[in-house]
There are 2 protein chains.
Amino acid sequence: MKSHVTMRDIADRLGVSSVTISKALNDKEGVSSELKEKIKLVAAEMGYRFNTHAKSMKEGLSYNLGIVIPERFAGTVHSFYLQFYQLLSKVMDGYHYSGILHMLSEEDEERLVLPRIYTERKVDGFIILGQISKSYVEHLQTIDCPIVFLDFYTDQNEIDSVLTDNFFGVYEMTNYLIRNGHQKIAFVGNVHATSSIQDRFLGYYKSLLEHKIELNQDYVIKDRDEAGRYIDIVLPDEMPTAFVCNNDEIAYNLMTVLQNNGYKVPEDCSVAGFDNSIFATLTNPPLTTVEVDTEEMSRVAVKFILEKLNNPDKKYGRTFIKGDIIHRESVQPYKGHKKGS
Amino acid sequence: MKSHVTMRDIADRLGVSSVTISKALNDKEGVSSELKEKIKLVAAEMGYRFNTHAKSMKEGLSYNLGIVIPERFAGTVHSFYLQFYQLLSKVMDGYHYSGILHMLSEEDEERLVLPRIYTERKVDGFIILGQISKSYVEHLQTIDCPIVFLDFYTDQNEIDSVLTDNFFGVYEMTNYLIRNGHQKIAFVGNVHATSSIQDRFLGYYKSLLEHKIELNQDYVIKDRDEAGRYIDIVLPDEMPTAFVCNNDEIAYNLMTVLQNNGYKVPEDCSVAGFDNSIFATLTNPPLTTVEVDTEEMSRVAVKFILEKLNNPDKKYGRTFIKGDIIHRESVQPYKGHKKGS
DNA sequence: CTGAAAGCGCTTACAG
DNA sequence: CTGAAAGCGCTTACAG
């Protein structure tokens, strides 16, 4: 029965005006501290619940952010983004914001249909998770609502995105392998499938360049076709001593292939992953990998959106968040190195 | 620049009243169809966006539902619930509802702090995912807001919950094993850890009872302690010919143990899982398991909440949603059976 | 078929 | 320190 208690009800009970209640409950000036305390007490006692919608209407803010995930992503990627959503949700809570998930269907993406939460003003801004079509991105540019892309970028300018430092992560990982005596290092991934893989490959390549190790095309091993469908991994004729995989799942698959071919990890060759996803601990031995700092990425994305809300012209461009190498057992110093040196 | 277009703006442009705009845009009676069409056209042209908050204030409905996930659940379970959230989100969309995720922190659960989305009237009801403390459930009973529990129940009455049919699922699975000639069937799981495991165990037991197979306590194998922490699985002295695991992850772990002990699946013994989670396809061979019908569960949960919104006194009690057996390679007919009969 | 009036529950100036 | 007035953008009766 304590539903629909309004500020006016509290005001009537205490014989003051609803303005005073508003001020007291919002800790604003203009109410004696005694009255303030009393009002808060009575409000709690009456089971008062603040009506966000009234405030929203006044201010034109919903205190909600839309989290958009394109639906066409399959299982694994999905749960990665869902975990992001969870982190975002926690971060938003700290700002008194809530997150509304919108799964963008392939059809809506194709037809450039905007989320209902936009057309019904349910959110103040959007965080887009993952890759969406160029034309949809362009369409999003036209709406009057701040947007931050998370874990995705295109060559389109004027876009603010928060990204894993793919390049630097793999660069560091490759450096680490080289420091451990490895010279014959393969990269597993199709550089034409996604820009993430491309950047990871380039980080690998930079490390080779810096160490004057020539890039061997036989050591760039495809794991999927350009549409992203996984294909069987084929080992090169001359075996590398280490593999840098574009993600943990691929590392998992690679290790199965290696085992089937009689190679032992890490004795015969080392394997490094990326993401520190569930696959990193399902392999035997567990993977040395690069941990994506999803928490920091979430924090930054929410911060950007909220700042853009106050200052719509603010531009951030691409922000790269560095991940750390997680050391497990799938990487070992190259034996020849140990003995030889 | 097309922000803040209101119904009044459209009305002024067309020289009619905002009431007429409201009626036209909501497809209500009382506007000629020509005017209606024209209004819709002009609204689109002006970039009009409906303001949900105004409607919410009028009606006292937010058109949002809160999805609560207790934070203390670990990785796997988490992503299971996050997938649920995703499905719920899709279902809600069909009703013009949106979902707001609230991660319930351990601290808030302990101190009985209600989600901010409740105290700020941001949602019309709650769907609670997974297990929460008894006292929190009791606390939730006192609020004036419909609640449906998903994948959780207690002995507390007056609670509406939508559940996997754990009992029936494992019952059917065990029947299936028995039909395939297995007699020495073990159950893997600690019946004192969660009520789900308990129900799954009882389904197993019922099948044994029906087939006059005596329950062998050596064949009830612990996989975790009562607090839910996984422990090493110890095989019984006399090996069963089949194992019914309380979930796929445990089946995965069990298969590792079996392999380490030189047993081959399914040649030496069959293994059945539950959930059809990611683990079901990570095992080698892949798992025969029970698929939880998360889509149907989501559909039912949302339907219940929305009906309770119109009729707060409606009670549903426990609703069990049946899952199907997914046949893969980890289960094989018992050899002795084939030969012997 | 169309519209003037009132109200949903707050907050923001402004006046006292 | 306190409050009367106006307004946020809709919708709901009700009158014409």
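Just the heavy atoms: all of them, side chains too, but no hydrogens, waters or symmetry mates, feed the values below. Chain letters run A, B, ... following the sequence lines, proteins first and then strands; every chain starts at 1.
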Any chance you could encode DNA chain D as dot-bracket? Rule is Watson-Crick or G-U wobble with both distances under 3.5 Å; [ ] for pairs crossing earlier ones, | for another strand. |||.||||||||.|||
So, does [X] use its side chain to make a donor-acceptor pair with the main chain of [Y] at under 3.5 Å?
X: B:Ser22; Y: B:Ser18; answer: no
X: A:Tyr85; Y: A:Gly99; answer: yes
X: B:Asp151; Y: B:Gly130; answer: no
X: B:Glu109; Y: B:Ser133; answer: yes

Can you see whether A:Tyr153 engages A:Asp160 through a side-chain donor-acceptor pair at a distance of less than 3.5 angstrom? no
In terms of side-chain heavy atoms, does B:Tyr97 have a donor or acceptor partner in B:Asp124 at a distance below 3.5 Å? yes
Have a look at B:Lys28 and say if it touches a base, only the backbone sugar-phosphate, or nothing, with a 4.0 Å heavy-atom cut-off. sugar-phosphate
Between residues 9-24 of chain A and DNA chain C, which residues have a heavy-atom gap below 4.0 Å? A:Val19, A:Ser22
On DNA chain D, which is the earliest and which the latest nucleotide, 5' to 3', with an atom closer than 4.0 Å to a heavy atom of chain A? D:dC1 to D:dG9
Nearest-nucleotide check on DNA chain C, B:Gly30 vs B:Lys58; residue mapping nearer the 5' end is B:Gly30
Run the ring pair (Phe, Tyr, Trp, His ring centres under 6.0 Å) check on A:Tyr95 and A:Tyr63 step by step: do they pass? CA-CA 9 Å; A:Tyr95 292 99; A:Tyr63 295 96; over 10 Å; no
Is B:Arg49 positioned over the aromatic face of A:Tyr118, cation under 6.0 angstrom from the ring centre and no more than 45 degrees off axis? yes
Could you label the plane-to-plane angle of the B:Tyr316 and B:Phe304 rings as parallel, tilted or perpendicular, counting under 30° as parallel and over 60° as perpendicular? parallel
Please report the closest heavy-atom contact between A:Tyr136 and A:Asp108, naming both atoms and the distance. CE1-O, 3.6 Å
